[in-house]
Amino acid sequence: MNFTKHPLQILLKLSKNLPIDTEFEFSIYEYEPQSILDTRKTFRLPSTEMTKEKIEEIINSLGEFEELALNSKVRASRKVHHIPMIDFFTDIETLNKNKQTLKNILPSKIYKNLEIYSSGNSLHGYSLTLISPKEWLDYMGRLLLTNLPNKPQLVDTRWIGHRLRAGYTSLRWSNNSKNYLASPTLIGHLDLLN
């Protein structure tokens, strides 16, 4: 697997500005379409172990129908923060045409640092700005507001529902079960997309 354009790069960038005791949270899950259930095994990895070799080792150890996901929760100096994430419900062309909607609704500190990945089935967004649990709730509400009446749906509302119930966001990092078209790959920074 090529990790130069994988979301692992987000964690490597974040780690540069975080305390040495930082831990990132992951989950292993089996996808069940249209299910309200979201059964996951969660675990944490210290930022000091965040390497492509470690992520490859975890992906290679997955069961036949399992996938690896990064959860938004980050623990640093005994505090919990969240990585702002988005599971888009649109293609790159529609996202480009509707960037202004995102810019108007999302906090500027999140929007300005938003990187977009193609996951094969959809687009994923990760911001390089950590937010508090309170800010995370506000952020999730704002994501719902990006889906404007009589406009294309930008964000997957079922994903938001699952993530609100869980108390954290989560995006897939692997393509192990073959339920998806590809592993996530960087497209670019949202403001620079054409």
### Query
Would you find a donor on one side and an acceptor on the other, under 3.5 Å apart, between the side chain of Arg44 and the backbone of Phe24?
no

### Query
Quick one: do the Asn71 and Thr42 side chains pair a donor with an acceptor below 3.5 Å?
no

#### Entry: Approximate separation, where rounding is to 0.5 Å, of Ser174 OG and Tyr29 OH
6.5 Å

### Query
Are Asp138 and Lys134 within salt-bridge range, i.e. N to O under 4.0 Å?
no

### Query
Can you list the steps and then say if Ile20 with Thr48 is a side chain to side chain contact (heavy atoms under 4.5 Å, CB included)?
CA-CA 7 Å; Ile20 194 81; Thr48 54; 3.7 Å; yes

#### Entry: Side-chain heavy-atom pair Leu70, Ile83 within 4.5 angstrom cut-off
yes

### Query
Under a single-linkage definition using a 4.5 Å side-chain heavy-atom cutoff for Ile, Leu, Val, Met, Phe, Trp and Tyr, are Trp159 and Ile105 assigned to the same hydrophobic cluster?
no

### Task
With side-chain hydrogen bond (donor to acceptor under 3.5 Å, both in side chains) as the test, would you mind laying out the steps for Ser122 and Asp87 before giving the verdict?
CA-CA 7 Å; Ser122 65; Asp87 189 5; 3.0 Å; yes

### Task
Provide the closest heavy-atom pair for Arg78 versus Asp21 in the form atom of the first, atom of the second, distance.
N-OD2, 4.4 Å

### Query
Any side-chain heavy-atom pair from Leu143 and Met140 closer than 4.5 angstrom?
yes

### Task
Before accepting this row, confirm whether a basic side-chain N of the pair Lys73/Glu25 lies closer than 4.0 Å to the acidic partner's carboxylate O.
no

### Closest non-hydrogen atom pair between Arg75 and Val80, with its separation
CG-CG2, 4.0 Å

#### Entry: Partners meeting side chain to side chain contact (heavy atoms under 4.5 Å, CB included) with Lys5 (sequence neighbours left out)
Thr185, Leu186

### Message
Tell me if a side-chain donor or acceptor on Glu23 pairs with a main-chain N or O of Val74 at a distance below 3.5 Å.
### Response
no

### Summary
In short, Thr22 meets Leu18 closest at the heavy-atom pair OG1-CB, 3.3 Å

### Task
Only pairs at least two apart or in different chains count here, so list each ring-ring contact (aromatic ring centres under 6.0 Å, His included) that has a residue in residues 97-124.
Tyr117-Tyr126

#### Entry: Residues forming a ring-ring contact (aromatic ring centres under 6.0 Å, His included) with Phe89, sequence neighbours excluded
none

### With sequence neighbours excluded, residues passing side chain to side chain contact (heavy atoms under 4.5 Å, CB included) with Glu57
Lys54

### For Glu66 against Asn176, the heavy-atom pair lying closest together
O-ND2, 2.9 Å

### Message
Testing the 3.5 Å rule here: is there a donor-acceptor pair between the side chains of Ser170 and Arg40?
### Response
yes

### Query
Do Gln100 and Asn104 have a side chain donor and acceptor closer than 3.5 Å?
yes

### Query
Do Glu135 side-chain atoms and Ser132 backbone N/O form a donor-acceptor pair below 3.5 Å?
yes

## Note on the structure
Of all heavy-atom pairs linking Leu68 and Leu62, the shortest is N-CD1, 3.8 Å

### Task
Count the heavy atoms belonging to other residues, nucleotides or ligands that lie under 6.0 Å from NZ of Lys13, then report whether that count exceeds 12.
yes

### Message
Between Thr129 and Asn113, do the side chains contain a donor N or O and an acceptor N or O under 3.5 Å apart?
### Response
yes

### Task
Starting from the C-alpha separation in whole Å, work towards a yes-or-no answer on side chain to side chain contact (heavy atoms under 4.5 Å, CB included) for Phe88 and Ile116.
CA-CA 10 Å; Phe88 289 101; Ile116 306 301; 3.7 Å; yes

### Query
Considering residues at least two apart in sequence or located in another chain, which fulfil the salt bridge (Lys or Arg N to Asp or Glu O under 4.0 Å) criterion with Glu93?
Lys97

### Query
Say you draw a straight line from OG of Ser183 to CD of Glu67; how long is it, rounded to the nearest 0.5 Å?
8.0 Å

### Query
Is it true that atom CD of Glu64 has more than 12 heavy atoms of other residues, nucleotides or ligands lying nearer than 6.0 Å?
no

### Non-hydrogen side-chain atoms of Leu106 and Ile86 separated by less than 4.5 Å
yes

### Task
Please answer: with hydrophobic residues joined when any side-chain heavy atoms are less than 4.5 Å apart, are Leu148 and Leu95 in the same cluster?
no

## Note on the structure
So CD of Gln153 and CG of Asn98: to nearest 0.5 Å the spacing works out to 12.0 Å

### Summary
Here the gap from Arg142 atom CZ to Leu137 atom CG, rounded to the nearest 0.5 Å, amounts to 12.5 Å

### Task
Answer whether the closest heavy-atom distance between the side chains of Leu45 and Met50 falls below 4.5 Å.
yes

### Message
Show the nearest heavy-atom pair for residues Ile55 and Leu8, with the distance to one decimal.
### Response
CG1-CD1, 4.1 Å

#### Entry: Results of ring-ring contact (aromatic ring centres under 6.0 Å, His included) for Trp136 - residues two or more places apart only
His82

### Task
Verify the cluster assignment for Leu164 and Leu145: are they in a single hydrophobic cluster under the rule of side-chain heavy atoms below 4.5 Å apart?
no

### Message
Can you tell me how far apart CG (Leu123) and CG (Leu171) are? Round to the nearest 0.5 Å.
### Response
11.0 Å

### Query
Are side-chain N/O atoms of Thr169 and Ser72 paired as donor and acceptor at under 3.5 Å?
yes

### Task
Quick one: pull up CD1 in Ile110 and OG in Ser127 and give me the separation to the nearest 0.5 Å.
5.5 Å

### Query
So, the side chain of Arg172 versus the backbone of Ser119: is there a donor-acceptor pair under 3.5 Å, distance only?
yes

